[in-house]
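The shown structure was predicted, so the numbers you read here are calculated from the model rather than taken from an experiment. Just so we're on the same page: letters track the sequence lines, and every chain starts at 1.
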Amino acid sequence: MLDIKFIRDNADLVRLAATKKKVKFDLDRLLKLDDERLEFLRAIETARAEQNVVGEKIAKASATDKATLIADMTTVKEKLKGTEESMATVMKEWQTLMLQVPNIPDISVPEGQDESENVEAYTWGKKPKFDFPAKDHIELMTALGMVDLERGTKVHGFRGYFLQGAGAEWSWALFNYARDFFGRKNFVPFIAPAIVKKEYFYGTGHLPREAEDLYKTQDDDYLSGTAEVPMMAYHGDEILTEAELPKRYLAFSPCYRREAGSHGKDTKGLIRVHEFFKLEQLIICRADHNQSVELHEEINRNYEEFLETLKLAHRRLVICGGDLSLGKVKQYDTEVWFPSQEAYREGSSASYYHDFQT
RNA sequence: GGUGGGGUGGCCGAGUGGUUUAAGGCGACAGUCUUGAAAACUGUUGUAUCCGAAAGGGUACCGUGAGUUCGAAUCUCACCCCCACCGCCA
């Protein structure tokens, strides 16, 4: 969430950001509300100042003076109450709008309407070619007893799966390999909780927009779809010293996604599931543009190197403004070549944000 | 799930309706003294926000939210978290 002061001082930038991200956002409404907010704030603070001054007099006054003063203050109190109510009404809408303010995209983010205009920046490796039709992961893994999708659906429902035998072994092996790989790069390993308090989803910009895509508990908590949420919350409410930054974390967590907005997409297999485990690279650094750019590149290179050691052909995509989410400033997607589909897809994304409030 | 105790500044800790401008201590920083340090002494020491060119001043913040009151760290209600014990489950 951007600071209202920044928004006021850089209204044109925010307006441009909304245009580039194809976000409909009524900035003028927010600015008008903020004027009202400040006006009410001044009125309330003046009334409270009076209350404090007279309050002190009351404490020291004689019994008769006391009664008069208290009677006077009753009217001040009534007026103050009215102003506070008006302020509350304004604040409600103000807060709703503040959550919709788009973050300012990096200057290098390409203009574009949607994903079709994302820009390929880089490709690596030889795409494997076969003189026979390539089987996809579902066929291969089912045949080799690595996954059981039928029983997965029986037990979990739509998009359910069991990893079994070599499928389970491979999964553990890959996590161990990644743990080792990133350990060498000085990332501190974490196992993070997936059940997280609501406020941190707002803080990381997942709520209110993704409410439909998140599982919610009967205690009003949410299940996170990425370790980004608990790991940002980890330092929530803390002030970090510059000397301890940047912090590099590698967090393992279960991830839960309802996939409510993706009906019909990847309905089979392991590509889009409700529940999975993931390792997430996360770096917290100074709010400094140059450093953010550098570390963003570092995170993305780490993943690309990881794919290189596995000899998987892949490409880097620069995500265009129209395909960028509200809070992100810049994002690379790294996509792996799928021989069975003759297409790049489903890799990992590296993005960066400014001014997260958690 | 139940009962009891608790949550106050960077830390410890006092404070049960108005002299609180949150006592006192520790720590940190600066100064005096010293060849230097320690000790001692003196002073300074939160965050946010509003007004102001600045100096300065206002407001809010004692776990969170609401309420009572002219006035709340203090009283009431709800919730969160910590500690102890009990129950249940593993």
Using atom [atom1] of each nucleotide, how far apart are [N] and [M] to the nearest Å?
{"N": "B/A78", "M": "B/G1", "atom1": "P", "value": "16 Å"}
{"N": "B/C83", "M": "B/G24", "atom1": "C1'", "value": "26 Å"}
{"N": "B/U32", "M": "B/A48", "atom1": "P", "value": "32 Å"}
{"N": "B/A30", "M": "B/C81", "atom1": "P", "value": "42 Å"}
{"N": "B/G27", "M": "B/C77", "atom1": "C1'", "value": "39 Å"}
{"N": "B/C82", "M": "B/U8", "atom1": "P", "value": "14 Å"}
{"N": "B/G67", "M": "B/G71", "atom1": "C1'", "value": "15 Å"}
{"N": "B/G58", "M": "B/U69", "atom1": "C1'", "value": "23 Å"}

Practice item. Compute the ring centroids of A/Phe252 and A/Phe175, then answer whether they are less than 6.0 Å apart. Key: yes
Review point. Centres of the A/Phe306 and A/Tyr177 rings: under 6.0 Å?
Key: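 Under 6.0 Å, so yes.
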Picking from [options], which would you name as closest to the side chain of [X]?
{"X": "A/Lys5", "options": "B/C50, B/G58, B/C70", "result": "B/C50"}
{"X": "A/Arg48", "options": "B/C70, B/U68, B/A60", "result": "B/A60"}
{"X": "A/Lys197", "options": "B/C81, B/G71, B/U59", "result": "B/C81"}
{"X": "A/Ala59", "options": "B/C70, B/G18, B/C50", "result": "B/G18"}

Distance, rounded to the nearest Å, where [X] contributes [atom1] and [N] contributes [atom2]:
{"X": "A/Met73", "N": "B/G18", "atom1": "CE", "atom2": "P", "result": "18 Å"}
{"X": "A/Leu38", "N": "B/A60", "atom1": "CG", "atom2": "C1'", "result": "15 Å"}
{"X": "A/Lys92", "N": "B/G65", "atom1": "NZ", "atom2": "P", "result": "17 Å"}
{"X": "A/Glu84", "N": "B/U68", "atom1": "CD", "atom2": "C1'", "result": "14 Å"}
{"X": "A/Tyr200", "N": "B/C80", "atom1": "OH", "atom2": "P", "result": "15 Å"}
{"X": "A/Leu69", "N": "B/U69", "atom1": "CG", "atom2": "C1'", "result": "16 Å"}
{"X": "A/Asp34", "N": "B/C50", "atom1": "CG", "atom2": "C1'", "result": "12 Å"}
{"X": "A/Leu80", "N": "B/G71", "atom1": "CG", "atom2": "C1'", "result": "12 Å"}

When all nucleic acid strands are considered with a 4.0 Å heavy-atom cut-off, which category describes [X]: base, sugar-phosphate, or nothing?
{"X": "A/Asp72", "result": "nothing"}
{"X": "A/Ile44", "result": "nothing"}
{"X": "A/Leu41", "result": "sugar-phosphate"}

Review point. Within the structure, does a side-chain N or O atom of A/Arg42 lie under 4.0 Å from either OP1 or OP2 of B/G58?
Key: no
Check your understanding: Side-chain N or O of A/Gln51 less than 4.0 angstrom from OP1 or OP2 on B/G71?
Key ->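 True: A/Gln51 side-chain N/O within range (under 4.0 Å) of B/G71 OP1/OP2.
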Review point. Is there a donor-acceptor pair closer than 3.5 Å between any side-chain N or O of A/Thr142 and the backbone N or O of A/Glu139?
Key: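 It does not hold such a pair.
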Practice item. Examine distances only and state if a side-chain atom of A/Gln51 and a backbone atom of A/Ala47 form a donor-acceptor pair shorter than 3.5 Å. Key: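 Not at all, since once roles are kept as given, no pair shorter than 3.5 Å links the two residues.
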Review point. Honestly, is A/Lys198 close enough over A/Tyr202, meaning NZ or CZ under 6.0 Å from the six-membered ring centre and within 45° of the axis?
Key: no
Review point. Where each residue is assigned the nucleotide of RNA chain B containing its nearest heavy atom, which of A/Glu56 and A/Asn52 is assigned the position nearer the 5′ end?
Key: A/Glu56
Study note, to complete from the structure: The residue, A/Ala71 or A/Thr46, whose nearest nucleotide of RNA chain B is more 5′ is A/Thr46
Exercise for review: Could you tell me how the ring of A/Phe190 sits relative to the ring of A/Tyr234: parallel (under 30°), tilted (30 to 60°) or perpendicular (over 60°)?
Suggested key: perpendicular
Point to revise | Parallel, tilted or perpendicular: ring planes of A/His296 versus A/Tyr352, cut at 30 and 60 degrees | key: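 Ring orientation of A/His296 relative to A/Tyr352: tilted.
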**Study point:** Option from A/His314, A/Arg345, A/Arg315 for which side-chain hydrogen bond (donor to acceptor under 3.5 Å, both in side chains) with A/Glu335 holds
**Key:**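 Single side-chain hydrogen bond (donor to acceptor under 3.5 Å, both in side chains) partner of A/Glu335 among A/His314, A/Arg345, A/Arg315: A/Arg315.
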Review point. Does some side-chain heavy atom of A/Leu38 sit less than 4.5 Å from a side-chain heavy atom of A/Arg8?
Key: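 Heavy-atom side-chain distance check passes, below 4.5 Å.
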Review point. Pairs counted as Watson-Crick or G-U wobble with both distances under 3.5 Å: what dot-bracket string results for RNA chain B, using | for bases tied to another strand?
Key: ((((((((.[[[..)..(.....]]]((((((.......))))))((((((....)))))).[[[[[..)....]]]]])))))))....
